[in-house]
Amino acid sequence: MFSRVVRPAASVLGRTFSVSSQNNAKVAVLGASGGIGQPLSLLLKNSPLVSDLSLYDIAHTPGVAADLSHIETRAKVTGYLGAEQLPDALKGSELVVIPAGVPRKPGMTRDDLFNTNATIVAVLTEACAQTCPEAMICIISNPVNSTIPITSEVFKKLGVYNPNKIFGVTTLDVVRANTFIGELKGLDPARVSVPVVGGHAGKTIIPLISQCNPKVEFPQDQLEALTGRIQEAGTEVVKAKAGAGSATLSMAYAGARFVFSLLDAMNGKEGVVECAFVRSEETESPYFSTPLLLGKNGIEKNLGLGKLSAFEEKLVAEAMSELKGSIKKGEDFVKNRK
């Protein structure tokens, strides 16, 4: 099922050498000065798919924009600072990517981030709904299992909700699964493709290793250890950085990969498939990440779960309670917000 996935072949940066007359997208990055925002903005500046790069944050954005504007690629970079400049940052944007928020520190769960990041996402997506309601919205801010329901409820409140255009970026889980399997099997990770479904936190992250392309097999103990590592890979980075942050560089790469796939699809490229956390009817959870066929208007078709192994079925069943709890938490936040 996942063999049709379109990936940044050699690397995200490899796209610098492709040219198309349709590549004139305005992309806004909200949270552009942060640990994810800066490397993400660098990758976007380097892409011919982006003609106009709008950077927004509450500090340092003019400096980040000035720095990036010296790079010899055609994307025009503009920096915007503070709440009063947010509408200008969003005006005319076709795609908005939001990495804004506080990073995870050692001992913190993604839920610990909730109160701070929920407010940030609600404020930013409100501005998106008011200024560029037709744009594709790509949310990186954690906890994604709650921030996507928040985004949806904000758009609903303002009467501009389109579930096909709101994405929780879970690509990092796919990137990690591809990398770890590549390492274990001696394969080039760029040639490995594993769908990762469910959510974007702990046990809600479900790699469908039985659907890996090329086909791989592991004894049960190794399969369980590998699944656990993919689920807790974010914590691995938080611990390794010893209080200095969370996954920023790999997240920037994964975020750029998703944005490039979506822009390709918006430009009319066919067969573009990526996993993302979206409004879904594929399971009993109202939001769920599965492989999605992307098109000019966002989600063209939800490709669903495909055939699961018994082990994967068990993982999906075990994730449901936590997933539904996080979703409700996000929905309630908007409901109770003044």
Side-chain angles (χ1 to χ4, degrees), residues 30-31 34-37 96-105 107-129 136-158 161-174 196-206 231-235 238 246-247 251 254-255 258 275-290 292 299 315-316 318-338:
L30 309 186
I36 296 167
V96 182
V97 56
I98 306 183
V102 296
R104 205 149 58 103
K105 295 184 173 65
M108 279 176 89
T109 66
R110 285 179 178 82
D111 266 353
D112 293 333
L113 304 176
F114 180 83
N115 287 333
T116 302
N117 287 359
T119 302
I120 291 168
V121 168
V123 168
L124 294 177
T125 54
E126 221 163 63
C128 293
M136 304 291 174
I137 308 294
C138 304
I139 305 285
I140 289 172
S141 312
N142 271 319
V144 165
N145 293 358
S146 298
T147 55
I148 284 299
I150 287 171
T151 303
S152 297
E153 293 305 310
V154 164
F155 271 68
K156 280 180 198 171
K157 262 192 173 178
L158 291 165
Y161 179 54
N162 182 345
N164 294 328
K165 292 188 171 186
I166 294 173
F167 302 91
V169 180
T170 60
T171 318
L172 183 51
D173 300 324
V174 174
V196 181
V197 303
H200 187 54
K203 70 178 183 183
T204 70
I205 298 168
I206 303 160
Q231 291 175 331
E232 294 302 326
T235 304
V238 169
S246 57
M251 185 61 246
F258 185 79
C275 291
F277 188 67
V278 297
R279 183 77 198 177
S280 172
E281 292 174 4
E282 298 300 316
T283 69
E284 64 189 72
S285 172
Y287 294 84
F288 206 81
S289 179
T290 43
L292 308 166
I299 301 170
L315 293 175
V316 169
E318 287 172 352
M320 278 302 156
S321 169
E322 183 180 323
L323 204 45
K324 289 199 263 192
S326 298
I327 291 163
K328 187 175 184 307
K329 192 172 180 180
E331 290 173 340
D332 289 348
F333 176 82
V334 178
K335 217 174 280 174
N336 300 324
R337 191 166 169 255
K338 296 286 182 283

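Computed from a predicted structure; not experimentally measured.
Nearest heavy-atom pair, P99 versus I140, reported as atom, atom and distance to 0.1 Å: CA-CB, 3.9 Å. Considering all non-hydrogen atoms of both residues, G199 and T170 come closest at O-CG2, 4.4 Å. Residue I206 comes nearest to G198 through the heavy atom pair CD1-CA, 4.4 Å, listed as atom of the first residue, atom of the second, then distance. When all heavy atoms are compared, the tightest approach of L292 to A276 is CD1-CB, 3.8 Å. What you find for P286 and K324 is that their closest heavy atoms are CD-CG, 4.5 Å.
Two residues are said to be in side-chain contact when any heavy atoms from C-beta on lie closer than 4.5 Å; P163 and F155 fail this criterion. Taking the side chain as every heavy atom from C-beta outward, I148 and V278 never approach each other to under 4.5 Å. Contact annotation: the side chain of S289 never approaches that of V144 to less than 4.5 Å [non-hydrogen atoms, C-beta and beyond]. In this structure, V169 and M251 have side chains that are in contact, with non-hydrogen atoms separated by less than 4.5 Å. At least one side-chain heavy atom of T125 sits under 4.5 Å from a side-chain heavy atom of I98. Side-chain contact between F288 and V197 is present, with heavy atoms from C-beta onward closer than 4.5 Å.
Atom CD1 in I327 sits 9.0 Å away from atom OG1 in T204 (nearest 0.5 Å). If you take OG on S146 and NZ on K328, they are separated by 11.5 Å, rounding to the nearest 0.5 Å. Going from atom CD1 of I139 over to atom CG of N117 covers 11.0 Å, rounded to the nearest 0.5 Å. Rounding to the nearest 0.5 angstrom, the gap separating the CG atom in L172 from the SG atom in C275 is 12.5 Å.
Residue pairs meeting the salt bridge (Lys or Arg N to Asp or Glu O under 4.0 Å) criterion with at least one partner in residues 136-156, sequence neighbours excluded, are E153-K156. Contacts classified as salt bridge (Lys or Arg N to Asp or Glu O under 4.0 Å) and involving residues 114-128 (residues at least two apart or in different chains) are given here: E126-R337.
No donor-acceptor pair under 3.5 Å is formed between the side chain of N145 and the backbone N or O of L323. Judged by distance alone, with hydrogens and angles left aside, the side-chain atoms of S141 form a donor-acceptor pair with the main-chain N or O of A100 at under 3.5 Å.
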Task: Pair R279-I166, side chain to side chain contact (heavy atoms under 4.5 Å, CB included): steps then yes or no - done: CA-CA 8 Å; R279 183 77 198 177; I166 294 173; over 6 Å; no
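Scanning for ring pair (Phe, Tyr, Trp, His ring centres under 6.0 Å) contacts around F333 gives F114, with sequence neighbours left out. For the ring pair (Phe, Tyr, Trp, His ring centres under 6.0 Å) test, residues two or more places apart in sequence or in another chain that qualify with F258 are F167. For K203, there are no salt bridge (Lys or Arg N to Asp or Glu O under 4.0 Å) partners two or more places apart in sequence or in a different chain. Not a single side chain to side chain donor-acceptor pair (under 3.5 Å) links S280 to another residue, sequence neighbours left out.
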